[in-house]
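Heads up: the structure comes next, in structure tokens.
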Amino acid sequence: MVKQLNQETVEFDRRVPDVYGDAHPKALLKAIQEDGDHLKKLASQHVVSSDQFGREMQLQLFRLAAKYESNPGRYNTPLQGKILISAFYEPSTRTRLSFESAWHRLGGDIMSITDRSTTGIAKGESLADVAEMFNNYGDCVVLRDTREASIHEMMQSLRIPIINAGNGIDEHPTQALADLYTIFKWRPSLLQLRTGKRVPIRIGIIGLPNKMRTVRSLLKVLSTFAEICAEVVIIHDKKNNRIFDEEQLEQLEVAGLKVRTTMELNKNLPDLDVVYINSIAWVGDRFESYGEKLALNAASPLKREAIILHPLARGDELSADLDQTSHNWYFSQARGAVFLRMALLTCMCERTERVMDVI
Ligand code: CP
């Protein structure tokens, strides 16, 4: 029997919920002077690691992302005529869809591969040969692969730019850029870099720098803005304390980041301004979960004004009872990633001049 639909129950609410944080993209437009020269350098680069992004390039990307976010209808076709090859060989909700959303919003077209077994790789084709074909079919590649080495193998043959959208336990540079973009939108005063008005923040990272690509990449971008961090506290539950790769901590400290590690979550939470949490790492062809005793919920002793970031997908480590609180900036973080990726794609596809000098 067909059940009759009650039409009064199918309405939905278009308003963006309050849980999307009180972000200030327009404040970034005021705080950062436009300088397209740093962005034009991206036209000849693949994006593999957060190491590639110096301060000025990041600031200009954040400014362009803020332009897109402040006025989303204004710049709708800078990538008209360009084709993105979106190749995701590992599950993804946010990264694939936000890259594709970004590309569509910029007026481009997309070819999407969501399973490597539908390509010649299943017949033993080399990644170098696949890359050679990509040169003929598209203008930019976004790749997520469980193998760290795949992006490097493809780069050997590519004559179009490729973006690392997560390679095993190694890196996820555009996620880290989106994370820092969120932090600056939350507290634009951190951009008063050379004045006495800026108050550094304490950032807690619940996760493993040597296993989680989002954490590894985030620490790198934070190290380029070390002066905004009074301290970065890594909170973990690894009894053997092996949470850094060889030289990883040293490199962060040489860059000026003050890093402390602890296994005590609740003792440290009341001092943290930003709490970043993640529990998943892709190791080989499966994901592993860490930190089962390190969970956040609405009863956690957070500072009243502290924000929580999470690259998502979440598990039990981040309770949904935080979603309706002012600590929830993880949804805003995921939303802002679209604008950050719009900015990056515009520059990598040599369309920067189309969006400069337009407020
Ligand atoms: N943040 C992130 O990488 O999420 P997805 O795995 O859903 O892409």
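Note that the coordinates shown come from a computational prediction; the quantities given were computed from them, not determined experimentally. Each residue takes its place number in the sequence, starting with 1. Both counts, for ligands and for their atoms, begin at 1 and track the order of listing.
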Under the salt bridge (charged side-chain N to carboxylate O under 4.0 Å, His left out) test against E171, which residue among R216, R213, K220 passes? K220

Co-members of the apolar cluster containing I280 [side chain, <4.5 Å]: W282, F287

Could you identify the single nearest non-hydrogen protein atom to atom 2 (C) of ligand 1 and state the distance to 0.1 Å? T95 OG1, 3.4 Å

Going by the order shown, which atoms of ligand 1 are within less than 4.0 Å of some heavy atom of S92? 5 (P), 6 (O), 7 (O), 8 (O)

So which bit of L312 gets within less than 4.0 Å of ligand 1, heavy atoms only: side chain, backbone, both or neither? backbone

Out of R144, H172, E90, R94, whose heavy atom is nearest to atom 6 (O) of ligand 1? R144

Give the single entry among A178, A337, P311, A334 that approaches atom 1 (N) of ligand 1 most closely by any heavy atom. P311

Nearest-neighbour protein heavy atom for atom 7 (O) of ligand 1, which is reported as residue plus atom name and distance: T93 N, 2.7 Å

Under the ring-ring contact (aromatic ring centres under 6.0 Å, His included) test, which residues partner F134, sequence neighbours left out? none

One thing to verify: whether E227 and R198 come together as a salt bridge, which I'm taking to mean a side-chain N less than 4.0 angstrom from a carboxylate O. no

Using a 4.0 Å cutoff against the non-hydrogen atoms of Q175, which atoms of ligand 1 qualify? 1 (N), 2 (C)

When you check the gap from the basic side-chain N to the acidic O, do R314 and D323 get nearer than 4.0 Å? yes

Does the distance from a Lys or Arg side-chain N to an Asp or Glu carboxylate O, for K258 and E253, drop under 4.0 Å? no

